[in-house]
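First the structure, in the form of structure tokens, and then the observations on it.
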There are 2 protein chains.
Amino acid sequence: MEVTKVENQRLAIQKKIDKVLCSKEEIESCCPIKDILARFGDKWSIYTILTLGKEEKLRFNELKNQINGVSQRMLTVTLRSLEEDGLVSRQVYPEIPPRVEYSLTPLGQGLLLQLLQLADWAKLNIDQILEARERYAKKEKQAQLT
Amino acid sequence: MEVTKVENQRLAIQKKIDKVLCSKEEIESCCPIKDILARFGDKWSIYTILTLGKEEKLRFNELKNQINGVSQRMLTVTLRSLEEDGLVSRQVYPEIPPRVEYSLTPLGQGLLLQLLQLADWAKLNIDQILEARERYAKKEKQAQLT
DNA sequence: TCACCTAGTAACATGGAAGTAACTAAAGTT
DNA sequence: AACTTTAGTTACTTCCATGTTACTAGGTGA
């Protein structure tokens with residue numbers, strides 16, 4: 001009984017993977033998971049989403065000051081691509097000096113929740129990963145000595 | 001009552017974000033979420049994990065054939081970095097010709113589950129994102145006409 | 001008159017990821 | 001003697017994300 005339960009779980013996972021893994025033609029173009037993950041492959045998108053998640057509304061320079069180390073250009077580029085995907089909204093007030101407010105859209109907030117779930121897993125398991133890296137480094141050293 | 005509920009939820013999220021966002025010194029070195037996400041920033045890691053998730057054990061060339069478009073070099077590089085992080089295990093059988101079997105470690109299987117959750121969200125929301133992109137492209141076009 | 005403010009853009013430099021192609025070991029097959 | 005197989009490695013090139021610097025408009029305050 002227990003065995004079939006585990007086996008069923010395994011089959012369910014395989015089914016899910018099949019749905020996620022796209023056909024050979026789609027692999028470059030539309031695979032949703034790949035597309036979503038590409039959002040975080042870059043250096044600043046996560047920080048931007050997390051920072052906006054904390055504060056509801058932020059102006060350009062407020063964001064820039066809260067995201068440590070980001071340059072003007074990279075923040076602009078990051079915000080544009082997030083806006084393009086409908087994750088961040090951009091409100092321009094045509095005053096002088098100009099004022100622009102950025103905030104997460106509902107879609108962006110949904111993604112934020114997913115990110116936080118992943119972050120929970122990451123925090124729980126980061127130690128195991130760091131240990132694995134150390135073990136690997138040691139093995140490498142030994143292999144080089146031969 | 002409803003208002004305070006929503007407000008509490010918001011505070012809980014802010015707390016979580018604070019924990020995820022590292023201090024200024026840590027931002028480059030140890031931020032776990034950044035570290036985990038860096039695993040998928042590259043082109044082939046997800047496909048490798050998903051493919052291994054489907055099949056339990058696979059040899060180098062079996063993997064290469066199932067992951068459409070990957071070169072020998074990139075598969076090697078990807079597998080090494082996944083092995084380094086303890087997500088994939090590598091079993092060498094010293095025969096001739098050599099045989100090497102790759103499989104997910106328990107850690108890697110845990111990550112796979114997280115990935116599949118994210119994939120579910122991605123599938124639910126990919127249409128909204130694609131719509132947003134179209135809207136953005138239209139806006140861009142109009143702006144260029146002026 | 002001059003510097004300063006915001007929210008950027010333009011031009012250019014750079015490093016690392018990705019890709020390509022050739023090469024390897026060691027034994028078995030023809 | 002030459003060819004095949006497996007699981008890579010080495011050397012080289014290409015490309016893109018990232019980063020740096022300078023520049024902009026249009027008004028404000030000294």
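Chain letters run A, B, ... following the sequence lines, proteins first and then strands; every chain starts at 1.
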Position toward the 5' end of DNA chain D (nearest nucleotide), P97(A) or M74(A):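 Nearest nucleotide further toward 5': that of M74(A).
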Residue mapping more 5' on DNA chain D - nearest nucleotide basis, V100(B) or S71(A): V100(B)
Scan [X] against the nucleic acid and name what it touches under 4.0 Å (heavy atoms): base, sugar-phosphate only, or nothing.
X      : result
Y93(A) : nothing
R99(B) : sugar-phosphate
R59(A) : sugar-phosphate

Between [X] and [N], is there a side-chain N or O to OP1/OP2 distance below 4.0 Å?
X       : N       : result
R80(A)  : dA7(C)  : no
N61(B)  : dT5(D)  : no
Y102(B) : dT6(D)  : no
R73(A)  : dA7(C)  : no
K43(B)  : dG19(C) : yes

Atom [atom1] of [X] and atom [atom2] of [N]: how far apart are they, to the nearest Å?
X      : N       : atom1 : atom2 : answer
E83(A) : dG8(C)  : CD    : C1'   : 13 Å
F60(B) : dG8(D)  : CZ    : C1'   : 6 Å
W44(A) : dG19(D) : CH2   : P     : 6 Å
D42(A) : dC16(D) : CG    : P     : 16 Å
Q72(A) : dC23(D) : CD    : P     : 15 Å
E95(B) : dA27(C) : CD    : P     : 14 Å

Heavy-atom closest contact (R59(A) atom, E101(A) atom, distance):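 What the structure gives for the nearest pair is CG-CG, 4.2 Å.
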Kindly check if the number of other-residue, nucleotide or ligand heavy atoms within 6.0 Å of [atom1] ([X]) is above 12?
X       : atom1 : result
E95(A)  : CD    : yes
E62(B)  : CD    : yes
K123(A) : NZ    : yes

Is any side-chain heavy atom of I36(B) closer than 4.5 Å to one of W121(A)? yes
